[in-house]
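A short write-up of the structure that comes next.
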There are 2 protein chains.
Amino acid sequence: MQEQTDPPGEPSPGLVSTAIQAITQHIRSEGLAPGDPLPSEAAMTRQLNVSRTVVREAFRSLSAMRLIDMSAGRRATVAKLDTGAMSMVIEHGITTQQISVQQVYDVRRTIEMRTVALAALRRTDQEAQAIAQSARLMHENFKSPEAVMEHDIAFHEAIAAASHNPVFSLIVTAFSGVTRRTWVIGWRTRSSDEDQLKMIKGHEDIADAILKGDPRLAAEHMAQHFDKSVKALLDAGIA
Amino acid sequence: MQEQTDPPGEPSPGLVSTAIQAITQHIRSEGLAPGDPLPSEAAMTRQLNVSRTVVREAFRSLSAMRLIDMSAGRRATVAKLDTGAMSMVIEHGITTQQISVQQVYDVRRTIEMRTVALAALRRTDQEAQAIAQSARLMHENFKSPEAVMEHDIAFHEAIAAASHNPVFSLIVTAFSGVTRRTWVIGWRTRSSDEDQLKMIKGHEDIADAILKGDPRLAAEHMAQHFDKSVKALLDAGIA
DNA sequence: CTCGAAAACCTGTATGACAGGTTGTTATTG
DNA sequence: CAATAACAACCTGTCATACAGGTTTTCGAG
């Protein structure tokens with residue numbers, strides 16, 4: 001193979017990168033939507049005049065970023081928007097200590113001050129119910145930290161969803177992984193049942209404000225929530 | 001190969017995913033920092049009892065997300081924080097019409113209202129200079145839309161950098177690709193030199209406020225800037 | 001026309017081979 | 001002895017081939 005003249009213009013950034021570009025370019029130029037099938041590996045192999053190895057690594061890379069879905073036997077398809085890659089980047093930043101937990105919380109605060117206000121304005125009744133439901137489940141399971149945490153995360157993601165802007169959802173969800181790793185630390189600083197219930201009450205206040213459709217009040221409660229959370233982490237000595 | 005018993009516990013999400021996890025796990029457990037070398041493909045092959053094909057696809061996937069750096073002959077190394085993956089996700093969302101340009105701008109506005117305030121508070125003199133410099137270059141080259149756009153993008157990235165929170169930088173930079181595809185549209189709606197210079201003046205106002213260290217004023221100018229930009233896009237009929 | 005089995009196609013994984021880049025070692029030379 | 005040049009060992013990049021097992025298409029039997 002490889003008889004095709006490859007114009008000696010570029011310094012060749014590697015065949016795989018080229019293949020990745022070719023695939024994304026295909027999605028763009030064909031105007032593919034989520035669920036639409038991509039060319040088979042064999043077809044791509046012919047089109048690009050490279051080995052299947054190269055094409056496969058390209059497909060696999062896009063799959064790792066969750067831009068496409070792959071499964072045995074079937075052709076790859078365009079994927080729905082997914083947090084996969086973004087959360088891996090954030091986690092990588094955290095584990096290699098290039099970003100701190102506190103910095104993530106600052107970004108979360110910035111974003112969620114907005115999502116909560118948007119949610120108060122745009123939420124459907126069903127979304128308001130889902131948000132309130134998460135808060136309620138936090139309350140009901142407050143003896144089980146694990147459960148409280150999962151409902152807490154669901155609470156924030158539900159608010160982001162109710163903002164009706166998928167980019168906000170994407171970012172908030174990407175941070176959930178970090179939250180899962182630090183949440184318990186903050187919880188432990190609230191030693192008494194009273195403190196813990198007060199924290200949960202904060203969530204119920206937010207849910208109420210969203211239900212009432214009051215963006216200012218919702219944002220205010222969210223700000224307090226974050227201020228307390230960050231303080232809890234700082235008290236616990238998180239950098 | 002493959003004699004090793006793989007415990008029939010999990011429903012096997014694919015060998016490559018497992019390998020990816022093993023590698024990231026290695027980074028975590030060894031506490032690797034950017035630049036540190038990873039095990040060779042051969043070593044990973046032995047450790048995981050899978051073929052080199054699988055290990056290679058795993059490495060390549062992480063490389064595509066820019067979590068590791070690869071180059072011929074050398075072993076892969078842990079990568080510095082990079083926007084690569086994030087911008088691909090955003091671009092994918094845009095090209096498959098799962099998110100709109102306006103939604104991206106709403107997120108940008110939310111984030112940059114914060115970065116500009118932080119920049120006003122935390123910028124070094126050098127950073128303030130870089131920001132002002134970008135605004136000045138926009139002004140000087142205002143006859144060349146391409147140049148104005150690149151300096152505009154650099155302007156916003158410089159502000160994010162001056163916020164001293166790499167997560168903000170990450171997100172703002174990830175959006176630059178989208179900006180590059182839509183910027184010209186907004187520019188065209190400002191038909192007269194006067195309109196165009198007024199838009200550039202907005203940037204200089206922001207730079208001044210940051211130089212003065214006035215976060216409220218900086219945020220105010222940034223808000224105006226975004227409102228006008230969004231209006232320009234809407235006038236041009238961007239969904 | 002319906003249904004089911006075979007054929008054709010596709011992805012997942014393994015193996016082996018070789019080119020070319022990188023690094024550490026060793027032997028040569030001044 | 002020190003500097004250096006040649007070499008060996010190792011590593012990644014790419015290709016070809018093979019086969020197992022899943023999925024879709026086709027087509028013939030009823």
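Below, chain A is the first sequence line, B the second, and so on; all start at residue 1.
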Between C1' of D:dT14 and CG of A:Leu48, the distance in whole Å: 14 Å
D:dT14 OP1/OP2 closer than 4.0 Å to side-chain N/O of B:Arg52: no
Whole-Å distance separating the CG atom of B:Asn49 from the C1' atom of C:dT13: 14 Å
Test: B:Asp69 and B:Arg74 ion pair at under 4.0 Å: no
Closest-nucleotide ordering on DNA chain D, the 5'-leading residue of A:Val54 and B:Ser40: B:Ser40
Distance-only polar pair, side chains of A:Ser229 and A:Arg108, donor-acceptor under 3.5 Å: no
Whole-Å gap separating C1' (D:dA16) and CD (A:Glu41): 15 Å
Whole angstrom value for the distance that separates P of C:dT11 from CG of B:Leu15: 17 Å
B:His156: ring pair (Phe, Tyr, Trp, His ring centres under 6.0 Å) partners, not counting sequence neighbours: B:His203, B:His225
Residue met sooner reading DNA chain D from 5', once B:Leu38 and A:Ser71 are mapped to nucleotides: B:Leu38
Spacing between B:Leu62 atom CG and D:dT12 atom C1', to the nearest angstrom: 16 Å
Rounded distance in Å - CG (B:Asp69) to C1' (D:dC11): 16 Å
Distance-only polar pair, side chains of B:Ser100 and B:Gln102, donor-acceptor under 3.5 Å: no
Whole-Å gap separating C1' (C:dG12) and CZ (A:Phe59): 14 Å
Short side-chain N/O contact from A:Arg74 to OP1 or OP2 of D:dG22, under 4.0 Å: no
Short side-chain N/O contact from B:Arg75 to OP1 or OP2 of D:dC10, under 4.0 Å: no
Interatomic distance, A:Met70 CE vs D:dG21 P [rounded to whole Å]: 19 Å
